[in-house]
Amino acid sequence: MARRRNTRRDRGATAVEAALVLPIVLMVVFGIIDFGRLLNAQIVVSQAAREGARAEAVGGNPVARATDAAGSLGPVAVGVGAACPANPGANAAASVTVTFTFQFITPVVALADLVAGPINVDARGVMPCRG
């Protein structure tokens, strides 16, 4: 009989422990999800900047190429820093910068907005100009 009374009291303690630990575990899981998305956004933005710089270096449209390369992210801001001249010298280089505003999708956004708000993900691509 004494054993049965202890298990009843333990059930209440287990429920309290779960109520205390569950929010922390969910925040960690949501943080992992958003961090993975942020890392993916950085990789895609870096690739888009390289593609835009390459397009400028070979005489293409850098804005269209960078926007196409970042298509899975959504709208990005593309800036051409240094365009290639008609007759490039040995040290001439094309420069393209791509910026994306990252938005959190999990409930971590409530805490992140209090601390930092949306995050700008930037990348710069530089390629030598081809003549």
Side-chain angles (χ1 to χ4, degrees):
M1 286 261 197
R3 210 172 201 9
R4 184 176 287 174
R5 288 184 192 156
N6 286 340
T7 54
R8 286 183 185 166
R9 282 187 272 169
D10 287 345
R11 274 191 240 152
T14 304
V16 170
E17 289 172 3
L20 292 173
V21 173
L22 185 62
I24 296 169
V25 170
L26 287 176
M27 292 300 287
V28 168
V29 169
F30 290 150
I32 290 170
I33 291 168
D34 273 337
F35 179 75
R37 290 184 58 246
L38 180 63
L39 183 61
N40 180 55
Q42 178 63 49
I43 292 168
V44 171
V45 167
S46 295
Q47 179 63 26
R50 283 191 297 268
E51 288 292 327
R54 182 180 175 280
E56 175 62 32
V58 298
N61 185 347
V63 176
R65 184 65 194 127
T67 303
D68 288 345
S72 64
L73 286 181
V76 295
V78 180
V80 179
C84 287
N87 294 318
N91 295 329
S95 172
V96 173
T97 303
V98 177
T99 303
F100 172 70
T101 303
F102 178 80
Q103 296 287 333
F104 293 97
I105 62 167
T106 63
V108 174
V109 71
L111 294 176
D113 278 346
L114 292 175
V115 177
I119 297 173
N120 283 335
V121 180
D122 303 323
R124 183 172 176 246
V126 179
M127 291 275 177
C129 295
R130 295 192 178 172

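Among all heavy-atom pairs drawn from Ala57 and Met127, the shortest one is CB-CB, 3.9 Å. The heavy-atom pair separating Ala93 from Val126 by the smallest distance is CB-CG1, 3.9 Å. Here the shortest heavy-atom pairing between Val45 and Val98 reads CG1-O, 3.5 Å. Smallest separation of non-hydrogen atoms from Pro62 and Val78: O-CG1, 4.4 Å. Taking all atoms of both residues into account, the shortest heavy-atom contact from Val76 to Ala70 is CG1-CB, 3.8 Å. Nearest heavy-atom pair, Phe100 versus Pro75, reported as atom, atom and distance to 0.1 Å: CD1-O, 3.5 Å.
A heavy-atom distance below 4.5 Å is found between the side chains of Asp68 and Arg65.
Of the inter-residue distances, the one linking Ile119 atom CD1 with Gln42 atom CD reads 11.0 Å to the nearest 0.5 angstrom. For the atom pair CG of Leu39 and CG of Asp34, the computed distance is 12.5 Å after rounding to the nearest 0.5 Å. One distance of note links CG of Leu73 with OG1 of Thr101; it measures 11.0 Å at 0.5 Å rounding. A distance of 10.5 Å separates CG of Leu26 from OG1 of Thr106, quoted to the nearest 0.5 Å.
In this structure, a donor-acceptor pair under 3.5 Å is absent between the side chains of Thr99 and Asn120.
In terms of hydrophobic clustering, with Ile, Leu, Val, Met, Phe, Trp and Tyr side chains grouped at heavy-atom distances under 4.5 Å, Leu38 and Phe104 are assigned to a common cluster. Note on Phe30 and Leu22: same hydrophobic cluster, where clusters join Ile, Leu, Val, Met, Phe, Trp and Tyr whose side-chain heavy atoms are under 4.5 Å apart, directly or indirectly.
The number of heavy atoms from other shown groups lying within 6.0 Å of CZ (Arg37) is above 12.
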